[in-house]
2 protein chains.
Amino acid sequence: MEHNLRDYFEKTLKEVAIDCVIFGFHAGELKVLLLKWKGTDGWSLPGGHILLDESANDAANRILMERTGLGEIFLQQYYTFGAVNRYTHYSEAELLEKLEITFGKGFFEGIIFRRTVSIGYFALVEFDQVSPAPDWFTDECRWWNLADVPALLFDHNEMIERALTALRQHIRNQPVGYNLLPEKFTMPELQRLYETILDRQFDRRNFQKLLMSYDILEKLDEKRVGVANKSPFLYRFDKLKYERAMETGVAFSM
Amino acid sequence: MEHNLRDYFEKTLKEVAIDCVIFGFHAGELKVLLLKWKGTDGWSLPGGHILLDESANDAANRILMERTGLGEIFLQQYYTFGAVNRYTHYSEAELLEKLEITFGKGFFEGIIFRRTVSIGYFALVEFDQVSPAPDWFTDECRWWNLADVPALLFDHNEMIERALTALRQHIRNQPVGYNLLPEKFTMPELQRLYETILDRQFDRRNFQKLLMSYDILEKLDEKRVGVANKSPFLYRFDKLKYERAMETGVAFSM
DNA sequence: CCAAAAGTGTTCTACCTACACCCATGG
DNA sequence: CCATGGGTGTAGGTAGAACACTTTTGG
C-alpha cells in the first residue's frame, strides 16, 4: 500500500473504488470490520482502488488481505454504487478539509478529485483468525456489531444494508459457515449463525435434519466441554463436499 | 448523444462504462438487442458512459431509452465486469485501427484510453414496442436470437451469459412477463416465455395453477382468434398487483 | 438438586407432481 | 372430418412445519 497519495493515484483507476463489507460472527453476533479515518471521527468500510494491472476481483482480495491478513476466503461482488453524490455524514469539502489538516497542506496537490463509482464486495471471515490492521490514513480498525454501526462516511451504511440483503439471498442457495465459524463447532452454534443472519428462529430438530441432509457436515466424536448443560457434539465441514455444495447449490427452506 | 468523441469523453466518466443486455421475446424465442460497429464486422451490446451529473442507474436508463425508445421499464444491475483485459474477438489495437479508418485520422486525438470497468444491466422489454436505433458509431441495431449471438466485441458474450443467469435467478423470486409480453396474451404464451427463459417444459395445468395463485393476472372475456385450434383466453397483468408481487416476491417452484 | 441447554422422532399438512379426456377452431 | 392445441380437476407423494420429553452438565 502506498503512503503517498499521488503515487497511489497514478497506479490506480481513479473513478472506480472497491469497498468490502467484511462479516464476522462472534458470541452470537454478526459483525462488520470498520476503519476510523485519521483526524476525523468518521468510520468507513475498508476499501481502495484497483491497480492498473489488476482485476476488480483481485483488488477486492488484496484489500481484504491487507485489512484482515486473510486470503482464499469467500468474497463476492454484490452491487456497484453509482450515485452522483455518495457523501453523507460529511460533505466532500468537509472531509477533504479535515484530511488536509491531519496530513498537511499539499496532501492533495496535483490530485484532481472526480466522482467515484464503487464496486461493493462482501466477505465472510472467521472472526478469531482476523487481526484487524488500519492502513496509512486510518488509525483504528475494529469489529462492530451490526446493530451498533454508527453513521458512516460516504454511502457505506447503504452498502452494509445491501450487503446484508445479498448475504441473506446467498444463504438461501449456498451453504454458509465454512468461512464464518471456527474449524469445529456445535450444531446450536451453526444454527445461531443462520438465525442471526436471517433474523429469525428455527426449530432445533428441523434445522439439524435439513443441514445434515446437505451432506457437508462431519459429526465428530468430541463434545464441547465446560458448558453448564449437556455437552453438545462438535461438527466440522467436509471441505470437498462443502465446495461441491457451493457449486451445485442447496435449498435452505425453513 | 454526442457526435464528437472528445466532447463526449469530457462530459463522462472515462473509466466506467455501462452495458445493457436488452431481452425481448418474440415468436417463442428469447432475443437480445445488438449493435454493429461502423467499419467493422463486430457486434456489441448497447452501452455508453455515465455523464458527470448522472447516476449509473440513470445512465443505464438513458442508454436503454436511446436504443429502444422505451422508458419506465424493468432494468436491473447484475454484475460489474472488471477484468484487466476485456477485449476478445479484436484486440484493443485492432479495434482502434479499424475505427480510425472509418472515422478518419485524428478521431482519437487528445483522448487517452484507459482501462474501463463496465457495469452490466439487463432489461426486459416488449418486443413490438421497440424501434431499434443505431447510434453515431454503429450502423445497425437489431434483435438476435439468443442461440445465434455471434462472437461479440469486448467481453460481451460473457455479459450475456451472466445476464441470463441473473434473469433465471430473478424469475424464481419475482414475476416476469409484464415488460416482455404485449398487453394481452394467452396462458400458453406466458408459459412459453417461462419455458424459454428457464429452458425446460412445464405441465400446462400446474403452470396455470401456480401463476394464477400469484393473483397478478386478470382473465379477460376475450379469446385469441385466428388460430387453428381451440381459441385460448386472453389475460392481462393487473399492474398494481404485479408491482406488489415484485416487492413482496413470489416463489416460482416447479 | 436445580437450571440451562442439547439430544432425539413422529405426525400432520400443504404444496408440488403426475396424469387424461374433451372441446373448439381452421383448414 | 381431421389435426392441432387449449381448457380443465384429482389423487398421491414428498418435503416442510409443528411439536415434548429426556439427558447431561456445572454450579
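All chains are named by letter (A, B, ...) in the order of the sequence lines, taking the proteins before the strands, and each is independently numbered beginning at 1.
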Options [options], nucleotide nearest the side-chain atoms of [X]:
| X | options | result |
| --- | --- | --- |
| K219(A) | dA17(D), dT8(C), dG6(D) | dT8(C) |
| P232(B) | dG9(D), dG9(C), dG6(D) | dG6(D) |
| R205(B) | dA20(C), dT25(C), dA4(C) | dA20(C) |
| S253(A) | dC16(C), dG16(D), dA6(C) | dG16(D) |
| N229(A) | dG9(D), dG7(D), dA5(C) | dA5(C) |
| R204(B) | dC23(C), dT8(D), dA6(C) | dT8(D) |
| M254(B) | dG7(C), dC16(C), dT17(C) | dT17(C) |

Residue pair N206(A)/G226(A) against DNA chain D: nearer the 5' end by closest nucleotide is N206(A)
### Task
Run the numbers on C20(B) and F122(B) for side-chain contact (heavy atoms from CB on, under 4.5 Å), then give the verdict.
CA-CA 5 Å; C20(B) 297; F122(B) 74 91; over 6 Å; no
With a 4.0 Å cutoff (strictly under), does any side-chain N or O of [X] reach OP1 or OP2 of [N]?
| X | N | result |
| --- | --- | --- |
| S231(B) | dA24(C) | no |
| R192(A) | dA6(C) | yes |
| K223(B) | dC23(C) | no |

Whole-Å distance between [N] [atom2] and [X] [atom1]?
| X | N | atom1 | atom2 | value |
| --- | --- | --- | --- | --- |
| L190(B) | dG6(D) | CG | C1' | 15 Å |
| F207(B) | dC16(C) | CZ | C1' | 15 Å |
| E189(B) | dG5(D) | CD | C1' | 13 Å |
| M187(B) | dG5(D) | CE | P | 19 Å |
| L211(B) | dC16(C) | CG | P | 12 Å |
| D203(B) | dA11(D) | CG | C1' | 14 Å |
| Q191(B) | dG7(D) | CD | P | 10 Å |
| Q208(A) | dC19(D) | CD | P | 20 Å |

| Between F81(B) and Y79(B), what is the ring plane arrangement, given parallel below 30°, perpendicular above 60°, and tilted in between? | perpendicular
DNA chain C nearest-nucleotide lookup for V225(B) and A251(B): closer to the 5′ end is A251(B)
query: When the ring centroid of H170(A) is compared with that of F74(A), is the distance short of 6.0 Å?
result: yes
Strictly under 6.0 Å, is that where the ring centroids of F127(B) and F25(B) end up? no
Heavy-atom nearest pair, W143(B) first then I22(B), reads CZ3-O, 3.5 Å
Step-by-step side-chain contact (heavy atoms from CB on, under 4.5 Å) determination, N157(B) to H89(B) | CA-CA 10 Å; N157(B) 290 96; H89(B) 202 192; over 6 Å; no
Using a distance-only criterion (donor-acceptor N/O pair, under 3.5 Å, no hydrogens), is the base of dT10(D) paired with the side chain of K209(B)? yes
